[in-house]
Structures are given as C-alpha cells and as structure tokens.
Number of protein chains: 2
Amino acid sequence: MQLSSRQIEIIEAAALRIDEYGIQNLTTKTLAQDIGISEPALYRHFAGKNDILLTLLQYFKHQLQQRLLLLDTKASAAVTLKQIFQQQFQIFTENPAIVSVIFAESIFQFNPELSQKVKEIMILMSETVENNIVLGQKQGEYRSTLSPKATVTIITGAMRMAVLKWKLSKHQSDLNQDGQAVLDGLFKLLLK
Amino acid sequence: MQLSSRQIEIIEAAALRIDEYGIQNLTTKTLAQDIGISEPALYRHFAGKNDILLTLLQYFKHQLQQRLLLLDTKASAAVTLKQIFQQQFQIFTENPAIVSVIFAESIFQFNPELSQKVKEIMILMSETVENNIVLGQKQGEYRSTLSPKATVTIITGAMRMAVLKWKLSKHQSDLNQDGQAVLDGLFKLLLK
DNA sequence: CAATTAGGTTAGCAAACACTAACTTTATGT
DNA sequence: ACATAAAGTTAGTGTTTGCTAACCTAATTG
C-alpha cells in the first residue's frame, strides 16, 4: 500500500463523490473537477477508473486491518469487542465517506473484482467478531445460549444498522453515542 | 397502484437486472431486450427511466404494506413478530430481486425522489417492529431491559444481515432456515 | 364502418462516457 | 547545466446513454 499523495487525494475525492451523489455520479469528469485537475491527468496516477475504485477499496481495507492490529489483546473479550466498534465508529466519524464505500455490496456489483474486495472487508470484520465471541464464550464471559455464528450475525447486523441510521440522518445524529447505546444493549443481552 | 401487465413485466425485469448486474447495467437498451420489445416501446408505458424506478419502488412498498395488513392481530407479540419476518422471508424467497432494490439505500442515492421512497420502505418496517416491541413490553412478554428504539435497531439490523448473507451466497443458503435461527436467537435474548 | 387510440416499429439525435494522442511544463538526478 | 522523467495541458476519439420523431398496425369504440 504505497500510494502517492495525489493518489490518496484522488481516492478520497472519489469516496466523497460516492458518499454524496452515489456511484453513478462518479465520472472521470466530476472526479477531475473535484480536485482541480484535468481529466487526462487522472490517468497519470491510475490505469483507469476501475483501478481507482479497486485501489480505494484496498486502501480502506488496509486501514481497517492496521487499526485492528492496534487492539489491546490482553483485555477481556467484552472490552475488546467494545474497542473494536469504538474504533470503527471513530474511523467513520473522521471520514464518513468510507461508510458509503465499505457497506455498499450493491454499488460495485457490476464488477466481480470490486465486489470481491467489498466481500473481503465484510469477512474481515465478521471473522474478527467471531473470534471474539468464541473466546468470550470459552472464557465464560459471554452467555453460550446462542451459537457464535448467530451471535455474529446479530452483532454485526445491529452495528451496521446503527451506522446506516447515522448515515441516513446525514451524519446529524451522534454515531458514537447511538452506536454505543446499541452495543451496550447487546451486552446486556449477551453478558453473563 | 393500478398497473398494466406490461408495466408489471417491465418493473420486474428491471428489478431482475438490478439484482443480477447492478443498477449500472439497467439501461433502457438492456431492459427492452430483456422483455423482447424495442427501446421506444418502453416509453409507451412509462414517462422515462426514472418513472420506471419510482413505480418499481412504489409497487414493492405497496406489496409489503398489503401483506402487513394480513397479519393476525390477535396473536401474542412474539408470534406476530415471528409472522412479520416469516412473511418477509417468503416474499424475498419468491422474488429474490426485491431484496436488491429494497435494501439498497445507496443505489438510488443519485435521485432524491427515489432514495426517499427507499427510506419510506425502511421506516415502514421499523415502525411495524417498534409497535410490536412497545406492545410486547407493555404486556410483559418481552424483557424491558432495552429501550424499544435500541431493540428495533438490533432486530431489524440482525434480520437485514441474515438477508444480506443469503444474498451474498447467491441464494444458495436457506433464508427461511437461517433467518429463523437468528430470530430464534433474538427471542432467547429478548423473551422473559 | 370509420375514427380514434394503444402499442409497436426503425432511424437517429444530443449529451455524457471512459479514455487516448500529442504536446508542454515542472521536478529530479548526475 | 542538462537530460530525463514525472505530471500537467488541450483537443478529440468512438461508444453508450436516455430519449424523440415519424411512421405503422391492430384493437376498441361511438
């Protein structure tokens, strides 16, 4: 993941475009205008539009991965899980456009390569949470009423829904607060 | 909601296109080819592409509303909630393309009118579930540990995630079974 | 039965699309 | 200082897009 500052500028402008006007409005023209260069200049930094999108997804996936490595592994399962989502909420709040790209299974559907990347990001999160649940159940921290798989579906689904509501409010609501509330609710149900 | 059979044919073909190849591949050309008529013939039935999409959303919203009215209002809250989602799963299984359209906040983002309709559908479901939670808590059927709002976020989020997983499996998994499992899991956590 | 209408056709248009050719300017390295 | 490479420009390509004009045909209706 070695990108020039211009490449990052392009990627972030692309995410912003998608966030604000949807994938259909992301054209080489609008993108070039957003960063104030000519259209062909984009091709000095990327092979084409598809390359921009693929790099964009790879870039965000890499960011997520890096952040997950920073987690305190000595903390209890519940504390770690809380950290995971707090971290996510922070990333999203800092750069809301990411959400539109990462949670958008449908918008990259036209391209197998791109939709595969989105899937990878989703699996990355799912597996992180699943490992946490398995560990927490083994250590007797979480109730074992539900299978880890079902638990993961509930948790990640609920978290995604919290993020979606925040997005639909056009980031007017407080993701950190509302997301935390839902997570606390989940803990009330899951913790022994 | 009075639509000619040709209009319904067009709408359903459009949903199928979106489901299989994404919104970017839904063009007047592909759509006309799908149903074996010429492109301009589409304009005998709709004012334009946008009109097709708006009618499509209205059509599915109407279908959902109609089905919700069929619910047995005398049943207990938990039974009703189960019915609501069973019904949804059934609709989705019968016509998988609907999912790609109804759960796609992002793909209609380019048009305020269309994204508003998607929002309406989401609110319709949220409110239905919320009413159920409030009733169930009042009647002492559900635990009142969580606020209704948080509970709704968890339930609808988990259900959406179940549907998303089914979609990502390309409908190979069993939505009815897996969705039911997640719902049962939620009941274990929510019921007194 | 004539007139109207509904529903279809072929041909084609202006705008938007991703991208390229050819050239110029700016930065870098020896 | 100067050759090279990196990064920008203007102009323009062929294709695709949503949609229209003009015309045809079969069904409906007064």
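Computation of the quantities below employed the complete heavy-atom set of this structure, encompassing side-chain atoms and omitting hydrogens, waters and symmetry-equivalent molecules. The chains referred to below are lettered A, B, ... by the order of the sequence lines, with proteins before strands, and numbering in each begins at 1.
- Residues from residues 37-44 of chain A placing a heavy atom under 4.0 Å of any atom in DNA chain D, listed by number, are A:Ile37, A:Ser38, A:Pro40, A:Ala41, A:Arg44.
- Counting heavy atoms from C-beta on, the side chains of A:Val152 and A:Glu127 never come closer than 4.5 Å.
- The shortest distance between side-chain heavy atoms of A:Gln86 and A:Gln180 falls below 4.5 Å.
- Listed by chain and residue number, A:Thr30 satisfy the side-chain hydrogen bond (donor to acceptor under 3.5 Å, both in side chains) test with A:Thr27 (two or more places apart in sequence, or in another chain).
- Within residues 10-35 of chain A, no residue approaches DNA chain D, by heavy-atom distance under 4.0 Å.
- For residues 84-122 of chain A, the ring-ring contact (aromatic ring centres under 6.0 Å, His included) pairs, not counting sequence neighbours, are A:Phe92-A:Phe103.
- The ring-ring contact (aromatic ring centres under 6.0 Å, His included) analysis of residues 29-54 of chain A, with sequence neighbours excluded, yields no pairs.
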Let me have the donor-acceptor pairs involving side chains of residues 182-192 of chain A, under 3.5 Å, with sequence neighbours excluded, atom names and distances please.
unit_1, atom_1, unit_2, atom_2, d
A:Asp184, OD1, A:Lys82, NZ, 3.1
A:Lys188, NZ, B:Thr145, O, 3.4

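- Salt bridge A:Arg17/A:Asp34: present, at least one basic N to carboxylate O contact under 4.0 Å.
- Counting only heavy atoms from C-beta outward, the side chains of B:Arg160 and A:Arg160 never approach each other to under 4.5 Å.
- For residues 164-183 of chain B, every residue pair satisfying the ring-ring contact (aromatic ring centres under 6.0 Å, His included) rule, not counting sequence neighbours, is listed here: B:Trp166-B:His171.
- If you walk DNA chain C from 5' to 3' and mark each nucleotide with an atom closer than 4.0 Å to a heavy atom of chain A, the marks span C:dC17 to C:dC23.
- Between chain B and DNA chain D, the heavy-atom contact criterion of under 4.0 Å yields a 5' to 3' nucleotide range of D:dT17 to D:dC23.
- Every residue was checked against the side-chain hydrogen bond (donor to acceptor under 3.5 Å, both in side chains) condition with B:Thr156, not counting sequence neighbours, and none meets it.
- Among residues two or more places apart in sequence or in another chain, the side-chain hydrogen bond (donor to acceptor under 3.5 Å, both in side chains) test is passed with B:Gln88 by none.
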Give the table of side-chain donor-acceptor pairs shorter than 3.5 Å for residues 64-74 of chain A, with sequence neighbours excluded, one pair per line with atom names and distance.
unit_1, atom_1, unit_2, atom_2, d
A:Arg67, NH2, A:Glu94, OE1, 3.4
A:Asp72, OD1, A:Lys74, N, 3.0

